[in-house]
Amino acid sequence: MTATGSPDPGDPARREPGPGAGADLAAQIGLVARGDAAAFDAVYEQIAAPVFGIVRRVIRDPAQSEEVTQDVLLEVWRRASSFDSRRGSAMAWVMTMAHRRAVDRVRSVQKESDREWRGAKADIPYDEVLEAVESGLERERVRRCLSSLTELQRESVTLAYYRGYTYGQVASLLGVPAGTVKTRMRDALIRLRDCLGVG
Amino acid sequence: MKLSRGEGRRAHRDAHTLAGAYAMDAISGRDRATFERHLAGCEECVREIASLREATARLGSATAVTPPARLKERVLAAAAVTRQRPPETAGAEPAAHAGYLGAAARRGAWLRAPAWRRLRLRPRLVLATAAVAAVTAVAAGGTAVVFGLANGSMRQQLDRAQAGSQQIAAVLTARDARMMTGPVAGGGTVTIVMSHSRRALVFTARGLRPLPASRGYELWLVGPGGDRPAGMLPGVSHGMTGPVIASGLHRGDRLALTDEPATGSKRPTAPMMLDVPL
């Protein structure tokens with residue numbers, strides 16, 4: 001199966017985390033903080049695909065995505081001791097780091113061609129952003145929840161989260177006041193959070 | 001700047017609406033800094049951001065794609081030579097010590113064996129592309145923590161790393177590169193990546209016993225081609241030594257390590273603390 005292939009029908013939800021997966025990941029990150037290389041190996045298995053997925057989604061360039069993914073995973077090793085399960089799930093901690101890194105990378109490149117995004121067309125088929133999903137159930141749930149948003153909410157979230165745009169850039173792309181985009185983003189995430197049953 | 005009560009409340013509300021953009025990193029650097037100052041005094045916002053990030057994490061996980069297998073080798077190899085940040089404790093120094101490999105050596109998958117252990121690296125998947133990245137980062141003056149370069153003699157080590165980095169990269173990426181790791185008599189653990197095709201090896205060590213300034217560790221290649229010095233090790237930085245490169249490897253050579261005068265010796269004058277068949 002190639003990296004961009006669809007989920008293997010014969011292997012349903014292979015990557016769907018079990019009920020205890022989140023707690024396991026948190027516990028393993030605790031071991032990593034103590035320098036446990038075997039635990040880091042196990043952590044890698046759980047987080048590499050989601051991290052690579054979002055980094056690639058934002059950055060697009062495969063070589064750069066690999067590089068940033070490597071940085072992020074190494075950062076998990078380095079900063080494991082700063083993970084605090086009282087402040088959120090382990091996966092949220094990891095993905096926050098991954099997304100931030102990816103966005104920072106894109107922005108540092110963007111500075112040089114600052115005008116480019118202004119010309120970009122605002123078509124964001126959100127199916128496309130979910131094309132390469134390995135976890136069928138997870139994708140379905142996210143897709144369903146994204147569909148429950150208003151169009152402006154969904155576009156704001158998709159452009160910001162999957163494309164790495166600032167709310168100012170999103171506003172400009174969609175031709176909507178920045179203040180509106182700001183509030184739509186917050187409303188959208190609150191709705192998504194409730195729909196996904198997290199947080 | 002002092003805000004009136006009304007202004008303060010408005011600022012709070014404005015900042016609050018930024019929560020969604022902030023949780024998605026959809027704000028510019030300046031807005032981010034402003035909002036983070038606001039966060040420092042707004043526990044409710046911190047909680048909200050945390051809960052929104054549970055949602056964004058799911059948006060992210062939904063795009064999961066298994067990365068190429070080589071990435072894992074690179075990441076694990078890089079972790080093995082990367083110091084971990086110590087836990088934050090109230091009033092503690094941003095600790096420089098961090099016994100990063102200590103625990104890994106005791107528990108780690110690679111370093112578990114008490115004796116020397118060879119790991120055959122799959123061609124082209126050399127663990128060491130990670131280390132190459134690390135070395136390159138060092139050369140670029142970037143990741144100063146990699147290879148333990150985070151102290152006063154950093155400049156010096158950086159220059160050294162820079163000079164050797166290309167050679168090191170060549171060894172680490174060689175098709176026949178092999179990693180070995182094992183203990184040093186007198187304390188410490190050594191990791192070697194060796195390539196016969198490059199006739200060179202990259203040496204790193206951790207936890208070597210500190211020596212007085214008048215003494216230094218010297219590497220030797222010992223074998224049918226004669227015994228020859230393979231270089232003095234640089235100073236220990238937070239328990240980490242190297243990477244250094246030793247070239248001119250011959251079949252049948254062994255790698256040895258002795259404690260010599262700081263200026264180096266022509267021949268080993270002290271007992272071997274390490275004697276590894278290559």
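Chain identifiers are assigned alphabetically (A, B, ...) following the order of the sequence lines, protein sequences preceding nucleic acid strands; residue numbering begins at 1 within each chain.
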| message | As an exercise: rank Val55(A), Val157(A), Val58(A) by heavy-atom pairs under 4.5 Å with chain B and give me the winner. | response | Val157(A)
| Using non-hydrogen atoms only, which part of Ala33(A) is less than 4.5 Å away from chain B: side chain, backbone, both, or neither? | backbone
| said: In the structure I gave you, are the side-chain heavy atoms of Pro50(A) and Met95(A) within less than 4.5 Å of one another anywhere? | reply: yes
| request: Please flag which part of Asp104(A) lies under 4.5 Å from any non-hydrogen atom of chain B: side chain, backbone, both or neither. | output: side chain
| message | Using a 4.5 angstrom heavy-atom cutoff, name the option from Gly20(B), Ala26(B), Ala57(B) with the most pairs to chain A. | response | Ala26(B)
| request: Mind checking side chain to side chain donor-acceptor pair (under 3.5 Å) for Glu48(B) and listing every partner two or more places apart, or none if nothing turns up? | output: Arg186(A)
| query | With respect to chain B, which residue among Gly53(A), Ala98(A), Ser156(A), Cys195(A) yields the maximal number of heavy-atom pairs within a distance under 4.5 Å? | reply | Gly53(A)
| task | Measure distances from Tyr161(A) to the heavy atoms of chain B and classify the residue's part below 4.5 Å as side chain, backbone, both or neither. | result | both
| field | Test salt bridge (charged side-chain N to carboxylate O under 4.0 Å, His left out) applied to Asp84(A) - qualifying residues, sequence neighbours left out | value | Arg86(A), Arg87(A)
| task | For the pair Gln153(A) (side chain) and Asp187(A) (backbone), establish whether a donor and an acceptor sit closer than 3.5 Å, ignoring hydrogens and angles. | result | no
| said: For Glu67(A), is there an ion pair with Arg105(A) - N to carboxylate O distance below 4.0 angstrom? | reply: yes
| said: I'd like to know which of Gly88(A), Ser89(A), Ala160(A), Ser82(A) tops the heavy-atom pair count under 4.5 Å against chain B. | reply: Ser89(A)
| task | Answer with side chain, backbone, both or neither: which region of Val32(A) has an atom nearer than 4.5 Å to a non-hydrogen atom of chain B? | result | both
| said: Check this for me: does any side-chain nitrogen of one of Glu75(A) and Arg78(A) sit under 4.0 Å from a carboxylate oxygen of the other? | reply: yes
